[in-house]
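Each chain gets a letter, A, B and so on, in the order its sequence line appears, and its residues count up from 1.
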2 protein chains.
Amino acid sequence: MPLPIPGSQVRGSKSGKPIMALLDLLGRTWSLGVIWHLSQGPATFRQLQQRCEQISPSLLNTRLQELKILQLIETQSDGYALTDQGRSLFDIIAPLGQWSKDWAKHLPAGSES
Amino acid sequence: MPLPIPGSQVRGSKSGKPIMALLDLLGRTWSLGVIWHLSQGPATFRQLQQRCEQISPSLLNTRLQELKILQLIETQSDGYALTDQGRSLFDIIAPLGQWSKDWAKHLPAGSES
DNA sequence: AAATCTTGCTACTAAAACAGTAGCAAAGTA
DNA sequence: TACTTTGCTACTGTTTTAGTAGCAAGATTT
(Lines give C-alpha, C1' and ligand atoms only; values in the text may rest on other atoms or scores of the structure.)
Protein backbone atom coordinates (compact mmCIF):
# COMPACT_ATOMS: atom_id res chain seq x y z
CA MET A 1 0.00 0.00 0.00
CA PRO A 2 1.42 3.37 -1.03
CA LEU A 3 1.74 6.29 1.34
CA PRO A 4 -1.59 7.77 2.38
CA ILE A 5 -1.08 11.23 0.98
CA PRO A 6 -4.07 13.56 1.35
CA GLY A 7 -5.40 14.34 -2.09
CA SER A 8 -4.43 11.00 -3.60
CA GLN A 9 -6.45 7.84 -3.36
CA VAL A 10 -6.26 6.25 0.08
CA ARG A 11 -7.99 3.45 1.92
CA GLY A 12 -11.53 4.54 2.52
CA SER A 13 -11.64 7.46 0.17
CA LYS A 14 -11.14 7.69 -3.56
CA SER A 15 -10.91 11.42 -3.32
CA GLY A 16 -8.25 11.29 -0.63
CA LYS A 17 -9.97 13.31 2.04
CA PRO A 18 -7.33 14.35 4.54
CA ILE A 19 -9.06 12.63 7.43
CA MET A 20 -9.14 9.37 5.49
CA ALA A 21 -5.48 9.67 4.61
CA LEU A 22 -4.74 10.26 8.26
CA LEU A 23 -6.85 7.34 9.44
CA ASP A 24 -5.14 5.15 6.86
CA LEU A 25 -1.76 6.22 8.16
CA LEU A 26 -2.63 5.85 11.83
CA GLY A 27 -4.32 2.55 11.10
CA ARG A 28 -1.02 0.96 10.14
CA THR A 29 0.69 -1.18 12.71
CA TRP A 30 2.98 0.80 14.95
CA SER A 31 2.28 4.23 13.47
CA LEU A 32 0.53 5.35 16.61
CA GLY A 33 3.00 3.46 18.74
CA VAL A 34 6.01 5.18 17.23
CA ILE A 35 4.43 8.59 17.70
CA TRP A 36 3.46 7.69 21.23
CA HIS A 37 6.93 6.56 22.18
CA LEU A 38 8.64 9.47 20.49
CA SER A 39 6.52 11.83 22.55
CA GLN A 40 8.68 10.81 25.49
CA GLY A 41 11.60 12.44 23.75
CA PRO A 42 13.97 11.87 20.83
CA ALA A 43 15.40 8.42 20.35
CA THR A 44 17.90 6.66 18.15
CA PHE A 45 16.83 3.78 15.97
CA ARG A 46 17.85 1.18 18.50
CA GLN A 47 16.38 3.08 21.40
CA LEU A 48 13.08 3.18 19.58
CA GLN A 49 13.32 -0.53 18.95
CA GLN A 50 13.52 -0.99 22.68
CA ARG A 51 10.71 1.38 23.53
CA CYS A 52 8.54 -0.46 21.06
CA GLU A 53 8.94 -3.97 22.35
CA GLN A 54 8.60 -6.52 19.56
CA ILE A 55 8.79 -4.28 16.52
CA SER A 56 10.94 -5.62 13.69
CA PRO A 57 13.67 -3.33 12.37
CA SER A 58 12.41 -3.51 8.82
CA LEU A 59 8.95 -2.37 9.79
CA LEU A 60 10.31 0.26 12.13
CA ASN A 61 12.35 1.67 9.30
CA THR A 62 9.37 1.62 6.97
CA ARG A 63 7.24 3.52 9.48
CA LEU A 64 9.98 6.02 10.20
CA GLN A 65 10.37 6.83 6.51
CA GLU A 66 6.61 7.21 6.08
CA LEU A 67 6.26 9.46 9.08
CA LYS A 68 9.23 11.49 7.94
CA ILE A 69 7.86 12.06 4.46
CA LEU A 70 4.53 13.00 5.97
CA GLN A 71 6.38 15.40 8.24
CA LEU A 72 5.34 14.04 11.58
CA ILE A 73 8.87 13.17 12.59
CA GLU A 74 12.35 14.30 11.61
CA THR A 75 15.93 13.27 12.26
CA GLN A 76 18.02 15.40 14.55
CA SER A 77 21.48 15.03 15.98
CA ASP A 78 20.10 12.95 18.83
CA GLY A 79 18.02 10.66 16.65
CA TYR A 80 14.39 10.71 15.63
CA ALA A 81 12.02 13.27 17.08
CA LEU A 82 8.52 14.57 16.58
CA THR A 83 8.19 17.66 14.42
CA ASP A 84 6.03 20.53 15.59
CA GLN A 85 3.28 19.04 13.49
CA GLY A 86 3.88 15.63 14.99
CA ARG A 87 3.69 17.09 18.45
CA SER A 88 0.45 18.87 17.69
CA LEU A 89 -0.97 15.54 16.56
CA PHE A 90 0.24 13.91 19.73
CA ASP A 91 -1.36 16.63 21.79
CA ILE A 92 -4.69 15.57 20.37
CA ILE A 93 -4.30 11.89 21.09
CA ALA A 94 -2.52 12.26 24.41
CA PRO A 95 -5.78 11.93 26.39
CA LEU A 96 -6.03 8.39 25.08
CA GLY A 97 -3.61 7.43 27.83
CA GLN A 98 -6.07 8.24 30.58
CA TRP A 99 -9.04 7.10 28.55
CA SER A 100 -7.53 3.66 28.06
CA LYS A 101 -7.13 3.23 31.80
CA ASP A 102 -10.77 4.00 32.44
CA TRP A 103 -11.73 1.71 29.58
CA ALA A 104 -9.69 -1.15 30.99
CA LYS A 105 -11.69 -1.06 34.21
CA HIS A 106 -14.90 -1.92 32.43
CA LEU A 107 -13.70 -4.77 30.28
CA PRO A 108 -14.12 -8.57 30.29
CA ALA A 109 -10.66 -9.59 31.49
CA GLY A 110 -10.66 -6.25 33.23
CA SER A 111 -7.20 -5.67 34.55
CA GLU A 112 -5.06 -2.56 34.51
CA SER A 113 -1.50 -1.41 35.07
CA MET B 1 -3.77 -11.73 16.14
CA PRO B 2 -6.05 -12.09 19.16
CA LEU B 3 -8.12 -9.28 20.55
CA PRO B 4 -6.05 -6.58 22.24
CA ILE B 5 -7.50 -6.87 25.70
CA PRO B 6 -5.90 -4.63 28.31
CA GLY B 7 -4.14 -6.78 30.83
CA SER B 8 -3.25 -9.54 28.40
CA GLN B 9 -0.30 -9.54 26.06
CA VAL B 10 -0.72 -7.18 23.14
CA ARG B 11 1.42 -5.80 20.35
CA GLY B 12 3.97 -3.55 21.96
CA SER B 13 3.51 -4.57 25.54
CA LYS B 14 3.94 -7.91 27.23
CA SER B 15 2.19 -6.59 30.29
CA GLY B 16 -0.81 -5.39 28.33
CA LYS B 17 -0.78 -1.76 29.36
CA PRO B 18 -4.18 -0.33 28.47
CA ILE B 19 -2.72 2.29 26.17
CA MET B 20 -0.86 -0.37 24.24
CA ALA B 21 -3.96 -2.50 23.93
CA LEU B 22 -5.79 0.55 22.64
CA LEU B 23 -3.07 1.47 20.15
CA ASP B 24 -3.04 -2.12 18.96
CA LEU B 25 -6.78 -2.01 18.45
CA LEU B 26 -6.82 1.37 16.74
CA GLY B 27 -3.82 0.33 14.65
CA ARG B 28 -5.84 -2.31 12.87
CA THR B 29 -7.14 -1.47 9.45
CA TRP B 30 -10.54 0.16 9.57
CA SER B 31 -10.91 0.28 13.36
CA LEU B 32 -10.63 4.04 13.39
CA GLY B 33 -12.61 4.29 10.19
CA VAL B 34 -15.54 2.35 11.56
CA ILE B 35 -15.63 4.47 14.69
CA TRP B 36 -15.34 7.62 12.63
CA HIS B 37 -18.19 6.69 10.34
CA LEU B 38 -20.41 5.47 13.15
CA SER B 39 -20.01 8.84 14.82
CA GLN B 40 -22.26 10.20 12.08
CA GLY B 41 -25.03 8.07 13.49
CA PRO B 42 -26.13 4.43 13.68
CA ALA B 43 -25.89 2.36 10.54
CA THR B 44 -26.84 -1.09 9.34
CA PHE B 45 -24.19 -3.45 8.09
CA ARG B 46 -24.71 -2.49 4.48
CA GLN B 47 -24.90 1.19 5.25
CA LEU B 48 -21.57 0.94 6.98
CA GLN B 49 -20.14 -0.85 3.97
CA GLN B 50 -21.09 2.15 1.91
CA ARG B 51 -19.78 4.74 4.32
CA CYS B 52 -16.50 2.89 4.39
CA GLU B 53 -15.78 2.72 0.70
CA GLN B 54 -13.76 -0.36 -0.18
CA ILE B 55 -14.04 -2.36 3.02
CA SER B 56 -14.68 -6.05 2.52
CA PRO B 57 -17.66 -7.55 4.35
CA SER B 58 -15.58 -10.18 6.06
CA LEU B 59 -13.24 -7.62 7.54
CA LEU B 60 -16.08 -5.31 8.44
CA ASN B 61 -17.71 -8.11 10.33
CA THR B 62 -14.45 -8.96 12.09
CA ARG B 63 -13.98 -5.37 13.20
CA LEU B 64 -17.57 -5.03 14.31
CA GLN B 65 -17.27 -8.09 16.51
CA GLU B 66 -14.01 -6.86 18.01
CA LEU B 67 -15.36 -3.41 18.72
CA LYS B 68 -18.49 -4.93 20.18
CA ILE B 69 -16.61 -7.20 22.57
CA LEU B 70 -14.44 -4.27 23.57
CA GLN B 71 -17.62 -2.28 24.18
CA LEU B 72 -17.03 0.57 21.81
CA ILE B 73 -20.05 -0.26 19.69
CA GLU B 74 -23.31 -2.11 20.18
CA THR B 75 -26.21 -3.28 18.09
CA GLN B 76 -29.49 -1.46 18.36
CA SER B 77 -32.76 -1.72 16.53
CA ASP B 78 -31.45 0.61 13.86
CA GLY B 79 -28.15 -1.16 13.38
CA TYR B 80 -24.71 -0.60 14.81
CA ALA B 81 -24.01 2.41 16.99
CA LEU B 82 -21.34 3.77 19.26
CA THR B 83 -21.72 3.01 22.95
CA ASP B 84 -21.25 5.81 25.46
CA GLN B 85 -17.70 4.63 25.81
CA GLY B 86 -17.25 4.60 22.08
CA ARG B 87 -18.58 8.11 21.87
CA SER B 88 -16.22 9.31 24.58
CA LEU B 89 -13.37 7.85 22.58
CA PHE B 90 -14.60 9.58 19.47
CA ASP B 91 -14.82 12.87 21.33
CA ILE B 92 -11.09 12.63 21.90
CA ILE B 93 -10.16 11.92 18.32
CA ALA B 94 -12.75 14.19 16.72
CA PRO B 95 -10.27 17.10 16.43
CA LEU B 96 -8.30 14.94 14.01
CA GLY B 97 -10.77 16.06 11.36
CA GLN B 98 -9.64 19.64 11.50
CA TRP B 99 -6.04 18.73 12.18
CA SER B 100 -5.87 16.63 9.04
CA LYS B 101 -7.02 19.54 6.92
CA ASP B 102 -4.31 21.80 8.25
CA TRP B 103 -1.80 19.00 7.77
CA ALA B 104 -2.81 18.49 4.16
CA LYS B 105 -1.94 22.09 3.35
CA HIS B 106 1.69 21.57 4.23
CA LEU B 107 2.33 18.33 2.43
CA PRO B 108 4.19 17.28 -0.74
CA ALA B 109 1.28 16.65 -3.03
CA GLY B 110 -0.58 19.12 -0.90
CA SER B 111 -4.19 19.05 -1.89
CA GLU B 112 -7.30 19.09 0.23
CA SER B 113 -11.04 18.51 0.06
C1' DA C 1 -48.56 -17.61 -1.39
C1' DA C 2 -45.03 -17.15 -4.82
C1' DA C 3 -41.76 -14.47 -6.39
C1' DT C 4 -38.54 -10.87 -5.62
C1' DC C 5 -35.63 -7.99 -2.81
C1' DT C 6 -33.03 -6.70 1.06
C1' DT C 7 -30.03 -7.63 4.94
C1' DG C 8 -26.34 -9.65 7.51
C1' DC C 9 -23.38 -12.16 6.91
C1' DT C 10 -19.90 -16.62 5.61
C1' DA C 11 -16.51 -18.86 2.42
C1' DC C 12 -12.87 -18.76 -0.48
C1' DT C 13 -8.58 -17.18 -2.93
C1' DA C 14 -5.04 -13.93 -3.89
C1' DA C 15 -2.36 -10.08 -2.51
C1' DA C 16 -0.26 -7.33 0.93
C1' DA C 17 1.49 -6.41 5.43
C1' DC C 18 4.02 -7.82 9.28
C1' DA C 19 7.22 -10.70 12.37
C1' DG C 20 11.53 -12.75 13.16
C1' DT C 21 16.08 -13.48 12.35
C1' DA C 22 20.64 -12.76 10.28
C1' DG C 23 24.00 -9.87 9.08
C1' DC C 24 26.53 -5.99 6.76
C1' DA C 25 28.73 -1.31 6.08
C1' DA C 26 30.03 2.80 8.44
C1' DA C 27 31.30 5.18 12.35
C1' DG C 28 33.08 5.34 16.89
C1' DT C 29 36.13 3.46 20.80
C1' DA C 30 39.99 1.15 23.09
C1' DT D 1 44.25 -2.55 14.71
C1' DA D 2 40.81 -4.93 16.82
C1' DC D 3 36.28 -4.54 18.89
C1' DT D 4 31.70 -2.46 19.56
C1' DT D 5 27.84 0.11 18.43
C1' DT D 6 24.51 2.01 15.19
C1' DG D 7 21.40 2.20 11.44
C1' DC D 8 19.79 -0.14 8.83
C1' DT D 9 18.88 -4.09 4.52
C1' DA D 10 17.67 -8.90 3.05
C1' DC D 11 15.27 -12.80 3.41
C1' DT D 12 11.66 -16.26 4.81
C1' DG D 13 7.35 -17.47 6.73
C1' DT D 14 3.03 -16.29 8.88
C1' DT D 15 -0.82 -13.35 9.48
C1' DT D 16 -3.92 -9.83 7.76
C1' DT D 17 -6.57 -7.72 4.47
C1' DA D 18 -8.80 -7.21 -0.20
C1' DG D 19 -11.95 -8.80 -3.47
C1' DT D 20 -15.52 -11.49 -5.00
C1' DA D 21 -19.33 -14.81 -4.77
C1' DG D 22 -23.18 -16.30 -2.70
C1' DC D 23 -26.42 -18.16 0.94
C1' DA D 24 -30.09 -18.21 4.65
C1' DA D 25 -33.58 -15.48 6.89
C1' DG D 26 -36.77 -11.97 6.92
C1' DA D 27 -39.40 -8.25 4.67
C1' DT D 28 -41.96 -6.61 0.58
C1' DT D 29 -44.41 -6.85 -3.54
C1' DT D 30 -47.74 -8.95 -6.68
Counting only pairs under 3.5 Å, give me each side-chain donor-acceptor contact of residues 59-67 of chain B, with atom names and distances, residues two or more places apart or in other chains.
| unit_1 | atom_1 | unit_2 | atom_2 | d |
| --- | --- | --- | --- | --- |
| B:N61 | OD1 | B:Q65 | NE2 | 3.1 |
| B:T62 | OG1 | B:S58 | O | 3.0 |
| B:R63 | NE | B:T29 | O | 2.8 |
| B:R63 | NH1 | B:E66 | OE1 | 3.2 |
| B:R63 | NH1 | B:E66 | OE2 | 3.2 |
| B:E66 | OE2 | B:R28 | NH1 | 3.2 |

Whole angstroms only, please: what is the CD-P distance between B:Q9 and C:dA19? 13 Å
I'd like to know if the side chain of B:Q54 and the backbone of A:G12 have a donor-acceptor N/O pair within less than 3.5 Å. yes
Could you state the atom-to-atom distance from CD of B:Q76 to C1' of C:dG8 in whole Å? 17 Å
With a 3.5 Å distance limit and no angle check, can you tell me whether B:Q71 reaches the backbone of B:Q85 through a side-chain donor-acceptor pair? no
Check: A:Y80 main-chain N/O paired with A:T75 side-chain donor or acceptor under 3.5 Å: no
Look at the side-chain N and O atoms of B:T62 and state whether any lies under 4.0 Å from the OP1 or OP2 oxygen of D:dT17. no
Using modelled atom types and a 3.5 Å cut-off, is there a donor and acceptor pairing between side-chain atoms of A:S31 and backbone atoms of A:L25? yes
Contact list for DNA chain D against residues 22-35 of chain A - heavy-atom distance below 4.0 Å: none
According to the ring-ring contact (aromatic ring centres under 6.0 Å, His included) rule, which pairs have a member within residues 8-29 of chain A, sequence neighbours left out? none
Distance below 4.0 Å between A:Y80 side-chain N/O and D:dC8 OP1 or OP2: yes
Measure from CZ on B:R11 to C1' on C:dA19 and round the result to the nearest Å. 11 Å
Under the side chain to side chain donor-acceptor pair (under 3.5 Å) test, residues paired with B:D91 that sit two or more places apart: none
Residues touching DNA chain D, which here means a heavy atom under 4.0 Å, drawn from residues 53-61 of chain B: B:Q54, B:S56, B:P57, B:S58, B:L59
A:Q49 CD to D:dG7 P: how many Å, rounded? 9 Å
Distance-only donor-acceptor pairs under 3.5 Å for side chains of residues 35-43 of chain B, two or more places apart:
| unit_1 | atom_1 | unit_2 | atom_2 | d |
| --- | --- | --- | --- | --- |
| B:H37 | ND1 | B:Q40 | OE1 | 3.3 |
| B:H37 | NE2 | B:R51 | O | 3.3 |
| B:S39 | OG | B:W36 | O | 2.5 |

Rounded to whole angstroms, how far apart are CD on B:Q50 and P on C:dT6? 12 Å
Atom-pair distance (CZ on B:R46; P on C:dC9), nearest Å: 11 Å
May I have the distance from A:Q47 (atom CD) to D:dC8 (atom P), rounded to whole angstrom? 13 Å
Take atom CG of B:L64 and atom P of C:dG8, then tell me their distance rounded to the nearest Å. 10 Å
Output yes when a side-chain donor or acceptor of A:W103 lies under 3.5 Å from a complementary backbone atom of B:L70, and no otherwise. yes
